[in-house]
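Heads up, the thing below is written out as structure tokens.
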Amino acid sequence: MDLKQNVYDVLKQLPYQNLNELVIESVDDSKGDYCLPCFSLAKTLHKSPILIADEIANSLDINNSNIVKIESVAGYVNFFLNKTIISKNVLNNFEIEKYNKNNKVVCIDYCSINLAKYMHIGHLKNCFLGESLARLFENFGYKVVRINYVGDYGTPYGKIIAGIKMWGSKEDIEKRGIDALQEYYVKFCMAEADDKDLQQLARDIFKKIEDKDEEIYPIYKKVIEVSKKEAERLLNILGIKFDSWKGESSYANELDNVVNFLDKKGLLSVSEGATIVDLSKFDMPPFIVKRSDGASLYATRDVAAVIDRYNEYHFDKMLYLTAVEQKLYFAQLFKVMELANMEFSGNLEHISYGRFSLPNGKISSRRGKQAVLVDLIDYVLNKAKEVISNRTFTIENPEDVAMKVAKGVLSFNSLNVDRNKDVVFDIERSFSFDGETAPYMQYTYTRIMSILRKAESLNLNKVEADYSCMEQTNAFELIKLCCELNNILILALEKRDPSILLKHCIEICKNTNKYYTACKILDGNLSQIKAKLELLNLIKKVLKHSFNCICIETVEEM
RNA sequence: GUGUCAAUAGCUCAGCUGGAUAGAGCAUCGCCCUUCUAAGGCGAGGGUCGGGGGUUCGAAUCCCUCUUGACACACCA
């Protein structure tokens, strides 16, 4: 529902083309709801904007329209909507736009954790961004394939297993899980720093993994199993579920195939011993597919992966979510696919986001436990429990609410700024529960629910609603905001940025909080109460739908 | 060095496909719980939109330039 349409309907009376595009929202309601700046018309019409605005304002007939007043002020034509009529129309007819399935497949590669290492703050942003985009695509009828392209391959596994053999045991891994793996990894990394023998040992063990060595390979499988279980546990808490966990190891043996494939396309050359695709014509460094020592690289496996995914899913879009530092790399990968004339090459898209960093520097899994995801979850969950226990308002399921609030805070923190911006992560500030935050949004929803519950006893079925109370500024502002939902969803999808939707939700929540404090919903005559309750129901519907798209759950009370 | 992105209130950020007096939240200082949940609401202070040019009737928004910062730039992922 686009309320500007009411203005467009009236503008049809004028002989000028493309006036609709000029219509914008008024700066404040003393200037109407929408306005038409006439400055750009001045040139073509050879008249002053003030005169044009005057003429337009005078010539338009607003009988039989939803415009109640038109005035000309300083070159602007201001349009005042008939708030009562429009509100009635909206409250009786508003539906969240349903999109039919469009048979298009979007693969989203996100999360992409390295198994056997802790998930950290950076993954949080990646996961929620990916999940939110997935939900947005689903909203518009796409079939989404969620791919967790896990790092389950490479010398780090040689190191972990070396560590286990030196200090640990199978039982220990069974018992302590990821903590044990992380500990041996860190310990081994420190030990090998100036020990050539240990470095060689790790490489040897990795080779044994590749060769499916009788002793080593089962340990590797165990390591993967334990790590995957932990990752699934955490992702489950966050409310994220993947369709594919196909990791790098699945493409480990594709080196020859990839090299042959690119060679047939005539793209390969050898430089400094390495096999490369020369991209100098495109002002890019070479794309290396085979190291000078003959080994494969991430890039090799990515070529294999994208082809494999296309064969399996026939995607219409393939989205890669990573931090911004991989921008050039993906530009190279996509260019190589284009040069290889792959039919899907135009449908690959890299969605980058700014870096998360700690106040004291870079995040690294080798540098101790700060900003590790489990700790963050614990921290927020405990804080939520504490806040709940200190409240005067008692609720039925404090544990459940605490969990939903905690998840909301984590998601909010990942999605609330423009995805391209770098964020310095400050735990106290980021996980605040006051002001414009996820708890604030959830709280708004509970207040609506609370009023709606209370209203049930009023028995308003036979009462006819009186929409004149929607003339009130806050009320009509809410009507407008709710009507913008679909445009906001479209924008968030197009820009691949859920923060746009999140901002809009906050705007709705702010106005809702203002509304019910300034105007008591269950006071006054029944006809007006009915209209006000319809408004609350509208807001509820819009918030519930929007929250889901940004991975924030609603709660009934808190 | 080259390229990409960024710079808006003390702090964190909106606004950026040009439009009327630049907005929030946090922090600071006031006020509001006998009235639908105070995780709330109301109010106050706080700005040469990094500097300088340009385009335009009009620029935080577009272009150029400079400064500062982050990131990337051949065998890591």
Side-chain angles (χ1 to χ4, degrees), chain A residues 21-22 24 26-28 30-31 35-40 42-43 48-49 73-76 78 112 114 151 153-156 248 271-276 279 283-302 322-329 331-332 352 354-355 357 384 387-388 390-395 405 416-418 420-424 426 428-430 432-444 446-455 499-500 503 506-507 509-510 512-518 520-523 529 532 536 557-558:
Chain A
E21 295 164 13
L22 298 177
I24 52 172
S26 298
V27 281
D28 64 77
S30 71
K31 312 265 194 320
C35 67
L36 176 73
C38 298
F39 308 98
S40 60
K43 250 185 198 148
S48 87
V73 179
Y76 291 84
N78 295 334
S112 303
N114 288 316
Y153 192 73
T155 38
E248 282 186 76
S271 167
E272 295 172 32
T275 307
I276 65 159
L279 298 174
D283 288 323
M284 282 190 259
F287 186 77
I288 302 173
V289 290
K290 188 176 176 181
R291 293 200 320 212
S292 50
D293 67 1
S296 73
L297 290 109
Y298 182 77
T300 328
R301 295 183 287 260
D302 254 355
T322 80
V324 69
E325 51 260 43
Q326 295 195 39
K327 210 168 180 173
L328 175 59
Y329 166 72
Q332 288 177 281
S352 63
R355 300 152 42 78
S357 61
V387 172
I388 289 172
N390 288 336
R391 298 203 69 206
T392 48
F393 189 77
T394 50
I395 56 177
V405 167
N416 77 134
V417 295
D418 183 321
N420 286 309
K421 279 211 164 125
D422 291 347
V423 174
V424 176
D426 176 330
E428 282 300 327
R429 189 196 297 283
S430 302
S432 160
F433 286 33
D434 301 313
E436 295 176 357
T437 61
Y440 174 78
M441 293 161 75
Q442 289 167 315
Y443 174 77
T444 310
T446 63
R447 294 296 304 267
I448 294 172
M449 294 310 290
S450 173
I451 296 171
L452 291 177
R453 278 194 299 271
K454 213 149 233 174
S499 76
I500 294 166
K503 295 265 152 52
I506 286 193
E507 205 51 42
C509 289
K510 258 159 63 174
T512 305
N513 276 304
K514 276 184 195 181
Y515 179 55
Y516 70 61
T517 36
K520 184 141 173 148
I521 305 296
L522 300 177
D523 263 8
I529 291 175
K532 289 187 277 185
L536 290 193
E557 48 177 24
M558 65 188 276

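Labels below follow one simple rule: chain letters A, B, ... track the order of the sequence lines, proteins then strands, and each chain is numbered from 1. The structure displayed is predicted, hence computed values, not measured ones.
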If you look at every strand shown and take non-hydrogen atoms under 4.0 Å, does E507(A) touch a base, only sugar-phosphate, or nothing? nothing

Base, sugar-phosphate or nothing for I276(A)? Non-hydrogen atoms, less than 4.0 Å. base

Among rA74(B), rG19(B), rC76(B), the one nearest R291(A) by side-chain distance: rC76(B)

Side chain of S40(A), heavy atoms from C-beta onward: which of rG19(B), rA20(B), rC75(B) has the nearest atom to it? rG19(B)

Classify the side-chain pair D302(A)/Y329(A) by whether it contains a donor and acceptor separated by less than 3.5 Å. yes

What is the separation between atom CG on L328(A) and atom C1' on rG3(B), rounded to the nearest whole Å? 9 Å

Pair Y440(A) + F433(A): ring centers closer than 6.0 Å: no

Just checking A274(A): base, sugar-phosphate only, or nothing, at a heavy-atom cut-off of under 4.0 Å? base

Walk me through it: do M558(A) and I388(A) pass the test side-chain contact (heavy atoms from CB on, under 4.5 Å)? CA-CA 7 Å; M558(A) 65 188 276; I388(A) 289 172; over 6 Å; no

Checking side-chain contact (heavy atoms from CB on, under 4.5 Å) for the pair V324(A)/N420(A): CA distance, chi angles, key distance, verdict? CA-CA 8 Å; V324(A) 69; N420(A) 286 309; 5.6 Å; no

Of the candidates rC73(B), rA20(B), rC75(B), the side chain of S26(A) sits closest to rA20(B)

Calculate the interatomic distance between L36(A) atom CG and rG58(B) atom P; express it in whole Å. 20 Å

Base-pairing mate for rC73(B) - Watson-Crick or G-U, with both contacts under 3.5 Å: rG1(B)

Nearest-Å distance, OH (Y298(A)) to P (rA72(B))? 15 Å

For S499(A) and D418(A), test the side chains for any donor-to-acceptor distance below 3.5 angstrom and give the result as yes or no. no

Syn within 90° of 0, anti beyond: rC29(B) is anti

What nucleotide among rC71(B), rA77(B), rC75(B) has an atom nearest to a side-chain atom of E325(A)? rC71(B)

Would you mind classifying the nucleic acid contact of T446(A) as base, sugar-phosphate or nothing, using non-hydrogen atoms under 4.0 angstrom? base

What integer distance in Å separates M441(A):CE from rG40(B):P? 13 Å

Base of rA74(B) paired with side chain of S271(A) (donor-acceptor, under 3.5 Å): yes

In whole Å, I'd like the distance from the OH atom of Y443(A) to the P atom of rU37(B). 8 Å

Remember a base hit wins even if backbone is also touched, and classify I388(A) as base, sugar-phosphate or nothing at under 4.0 Å, heavy atoms. base

Taking atom P in both rG23(B) and rC63(B), compute the distance separating them and give it to the nearest angstrom. 25 Å

Let's go through Y443(A) and N513(A) carefully: what are the C-alpha distance in whole Å and the side-chain angles of both, what is the deciding distance for side-chain contact (heavy atoms from CB on, under 4.5 Å) to 0.1 Å, and is it a yes or a no? CA-CA 9 Å; Y443(A) 174 77; N513(A) 276 304; 4.2 Å; yes

Please state the C1' separation for the pair rA70(B) and rC57(B) - nearest whole angstrom. 39 Å

Using Watson-Crick geometry (N1-N3 plus N6-O4 or O6-N4) or G-U wobble (N1-O2, O6-N3), each under 3.5 Å, rA7(B) is paired with rU67(B)

I'd like to know if S292(A) reaches the base of rC75(B) with its side chain such that a donor and an acceptor end up less than 3.5 angstrom apart. yes

Donor-acceptor check, side chain of T517(A) to backbone of K514(A), threshold 3.5 angstrom: yes or no? yes

If you measure from the P atom in rU17(B) to the same atom in rU61(B), how many Å do you get, rounded? 11 Å

Evaluate whether the aromatic ring of Y76(A) and the six-membered ring of the rA20(B) base sit under 5.5 Å apart, centre to centre, with an inclination under 30°. yes

Produce the list of close N/O pairs, under 3.5 Å, pairing protein atoms with atoms of nucleotides 5-13 of chain B; give distances to one decimal.
residue	atom	partner	partner atom	Å
rC11(B)	O2'	R429(A)	NH2	2.8

Identify the pairs formed between an N or O of the protein and an N or O of nucleotides 32-36 of chain B at a distance under 3.5 Å, and give each distance.
residue	atom	partner	partner atom	Å
rU35(B)	O2'	K520(A)	NZ	2.5
rC36(B)	O3'	K454(A)	NZ	3.4
rC36(B)	O2	L522(A)	N	3.4
rC36(B)	N3	I521(A)	N	3.0
rC36(B)	N4	Y516(A)	O	2.0
rC36(B)	N4	C519(A)	O	3.4

Please list, chain by chain and in numerical order, all residues satisfying side-chain hydrogen bond (donor to acceptor under 3.5 Å, both in side chains) with Y515(A), sequence neighbours excluded. none

Counterpart residues, salt bridge (Lys or Arg N to Asp or Glu O under 4.0 Å), relative to E248(A) (two or more places apart): R301(A)

Separation between the C1' atoms of rU67(B) and rA20(B), rounded to whole Å: 33 Å

Give the C-alpha distance, both sets of side-chain angles, the deciding distance and a yes or no for side-chain contact (heavy atoms from CB on, under 4.5 Å) between K454(A) and L522(A). CA-CA 9 Å; K454(A) 213 149 233 174; L522(A) 300 177; 3.9 Å; yes

What's M284(A) touching, base or sugar-phosphate or nothing? Going by heavy atoms closer than 4.0 Å. nothing

Partner residues of S30(A) under the side-chain hydrogen bond (donor to acceptor under 3.5 Å, both in side chains) criterion, sequence neighbours left out: D28(A)

In Watson-Crick or G-U wobble terms, both distances under 3.5 Å, what is the partner of rA14(B)? none

Which base, if any, makes a Watson-Crick or G-U wobble pair with rU61(B), both distances under 3.5 Å? none

Separation between the C1' atoms of rA9(B) and rU48(B), rounded to whole Å: 13 Å

Would you classify F287(A) as touching base, sugar-phosphate or nothing, given that sugar-phosphate means primed atoms plus P, OP1 and OP2, and contacts are heavy atoms under 4.0 Å? nothing

Taking any heavy-atom pair under 4.0 Å as a contact, classify N78(A): base, sugar-phosphate, or nothing. base

Rounded off to whole Å, could you give me the NZ-to-C1' distance for the K43(A) and rG58(B) pair? 11 Å

Which listed nucleotide (rC71(B), rU21(B), rA74(B)) is nearest to the side chain of D28(A)? rU21(B)

Pick the P atom in rG3(B) and in rU12(B), then give their distance to the nearest Å. 29 Å

Students often get this wrong, so: under 4.0 angstrom with heavy atoms, is Q326(A) touching a base, only sugar-phosphate, or nothing? base

Salt bridge (Lys or Arg N to Asp or Glu O under 4.0 Å) partners of R291(A), counting only residues at least two apart: D293(A)

How far does the P atom of rU56(B) sit from the matching atom of rC11(B), given to the nearest Å? 36 Å

rG43(B) to rC5(B) separation - P atoms, rounded to the nearest Å: 40 Å

Within a strict 4.5 Å, meaning less than it, do heavy atoms of the S352(A) and Q326(A) side chains meet? no

Measure OH/Y440(A) against P/rA38(B) and give the value in whole Å, please. 13 Å

To the nearest Å, give me how far apart CG (L22(A)) and C1' (rU17(B)) are. 13 Å

Under 4.0 Å between any heavy atoms, over every strand shown, what does F39(A) touch: base, sugar-phosphate, or nothing? Just pick one. base

